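The structure appears right after this line, and notes come after that.
Since the model is a prediction, treat every value here as computed from it, not as a measurement.
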Amino acid sequence: RKASEGSRGVEQARLAVVDTFRAAGAVDPAIAAAREAIAHREDWPEAWAQLGLCLAAKQDIETALTCWERAVELEPKFHDARFHIGVAHGMLGRLDEAAASYRTVLESAPGHVKAAVNLAGLLMHRGELDEAERRLVDATRVQTPERPIALTALGDLRMKQIKVAEAEQSFREAAGLAPREPRPRIGLVACLLEQEKHGDALSEAERLAREFPDLPAGAECLA
């Protein structure tokens with residue numbers, strides 16, 4: 001058992017090296033470390049998934065896709081890898097395949113917020129707003145750190161549906177949960193302007209511009 005635990009510790013350390021290189025923008029060393037990890041253990045789904053992320057960072061989406069497919073082949077319930085398969089298909093313009101991947105993720109992991117949000121985005125693109133709304137409402141009920149993403153997407157959908165007051169509520173909730181994320185606050189300004197709440201919109205835009213001085217949208221809101 002001790003040897004097994006030690007082996008797992010070494011494997012986690014290998015993945016940490018890959019992740020550290022990738023986070024620092026050192027993509028080529030990250031790719032080399034991921035390939036070394038796979039050479040150490042070819043049937044390691046997490047290493048294949050990491051290699052896919054590294055290759056995607058270099059815009060080699062086709063090869064990244066094969067890595068994520070290998071990860072899912074090794075571990076069919078590897079939901080994040082299957083999610084990335086959907087992302088890859090979307091980036092390659094294969095929207096039906098992307099939607100199918102997200103649906104597969106959500107069938108066995110209904111709380112996967114990013115899969116729900118991405119699927120809703122595809123549905124919105126197709127004009128299938130009712131299912132998009134259902135997917136996003138479900139995603140906003142999941143108590144995870146990714147919940148603000150779902151709330152922001154739901155706000156965008158509400159704006160498309162011309163349900164501006166409901167959109168404002170979604171954006172406010174998202175901003176409350178993630179105050180350092182500018183996107184829901186930009187949406188909130190748009191909602192306030194749409195409802196002709198000009199004073200509130202100006203105050204929010206001024207706060208946004210102060211807190212995010214390098215954000216062009218802040219200046220656009222003030223304009």
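- With values rounded to the nearest 0.5 angstrom, E46 atom CD is found 6.5 Å from L15 atom CG.
- Within a 6.0 Å radius of CD in E194, other residues, nucleotides and ligands contribute 12 heavy atoms or fewer.
- Shown here is Q169, whose CD atom has no more than 12 heavy atoms of other residues, nucleotides or ligands within 6.0 Å.
- The pair E107-R103 does not meet the salt-bridge criterion, since no charged nitrogen lies less than 4.0 angstrom from a carboxylate oxygen.
- One hydrophobic cluster, built from ILVMFWY side chains closer than 4.5 Å, holds both L119 and V87.
- For the pair R180 and F212, the distance from NZ or CZ to the six-membered ring centre is under 6.0 Å and the angle to the ring normal is within 45 degrees.
- A donor-acceptor pair under 3.5 Å is absent between the side-chain atoms of T63 and the main chain of D60, judged by distance alone.
- Side chains of E166 and Q161 form no contact here, defined as non-hydrogen atoms less than 4.5 Å apart.
- Under a hydrophobic-cluster definition in which Ile, Leu, Val, Met, Phe, Trp and Tyr are linked whenever side-chain heavy atoms come within less than 4.5 Å, directly or via other members, L122 and M91 are assigned to the same cluster.
- To the nearest 0.5 Å, atom CD of residue E204 and atom CD1 of residue I186 are 10.0 Å apart.
- The shortest distance between side-chain heavy atoms of F171 and R158 does not fall below 4.5 Å.
- A donor-acceptor pair under 3.5 Å links the side-chain atoms of E75 to the main chain of K77, judged by distance alone.
- Interatomic distance, CD of E133 versus CG of L154, reported as 7.0 Å (0.5 Å rounding).
- Ion pair R207/E211 not flagged as a salt bridge, since none of the NZ, NE, NH1 or NH2 atoms sits closer than 4.0 Å to an Asp/Glu carboxylate oxygen.
- At a threshold of 4.5 Å between side-chain heavy atoms, the hydrophobic network of Ile, Leu, Val, Met, Phe, Trp and Tyr places M124 and L95 in two separate groups.
- A salt bridge links D156 to R183: at least one charged side-chain nitrogen sits closer than 4.0 Å to a carboxylate oxygen.
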side-chain contact (heavy atoms from CB on, under 4.5 Å) for R94 and L65? Distances and angles first, verdict last.
CA-CA 12 Å; R94 305 166 188 163; L65 175 59; 3.6 Å; yes
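- Salt bridge absent: R14 and E11 never bring a charged side-chain N and a carboxylate O closer than 4.0 Å.
- Just one residue in the list F78, Y102, F83 forms a ring pair (Phe, Tyr, Trp, His ring centres under 6.0 Å) with H112, and that residue is F83.
- Closest of all the heavy-atom pairs between A98 and G86 is CB-O, 3.3 Å.
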List the atom pairs, donor and acceptor, that lie under 3.5 Å between side-chain atoms in residues 20-32 and the rest of the protein, sequence neighbours left out.
{"residue": "T20", "atom": "OG1", "partner": "A16", "partner atom": "O", "Å": "2.7"}
{"residue": "R22", "atom": "NH2", "partner": "D19", "partner atom": "OD1", "Å": "2.8"}
{"residue": "D28", "atom": "OD1", "partner": "K58", "partner atom": "NZ", "Å": "2.7"}

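- Remark: side-chain polar atoms of W68 are not paired, donor with acceptor, to backbone N or O of D80 under 3.5 angstrom.
- At least one side-chain heavy atom of E173 sits less than 4.5 Å from a side-chain heavy atom of R147.
- Cluster annotation: L106 is not connected to L129 through the hydrophobic network of ILVMFWY side chains, with a link wherever side-chain heavy atoms come within less than 4.5 Å.
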After noting the C-alpha distance and the side-chain angles of C67 and L55, does the key distance pass the side-chain contact (heavy atoms from CB on, under 4.5 Å) rule?
CA-CA 9 Å; C67 293; L55 292 166; 3.7 Å; yes
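- Taking the side chain as every heavy atom from C-beta outward, E42 and R70 approach each other to under 4.5 Å.
- P184 approaches A175 most closely through the heavy-atom pair CB-N, 3.9 Å.
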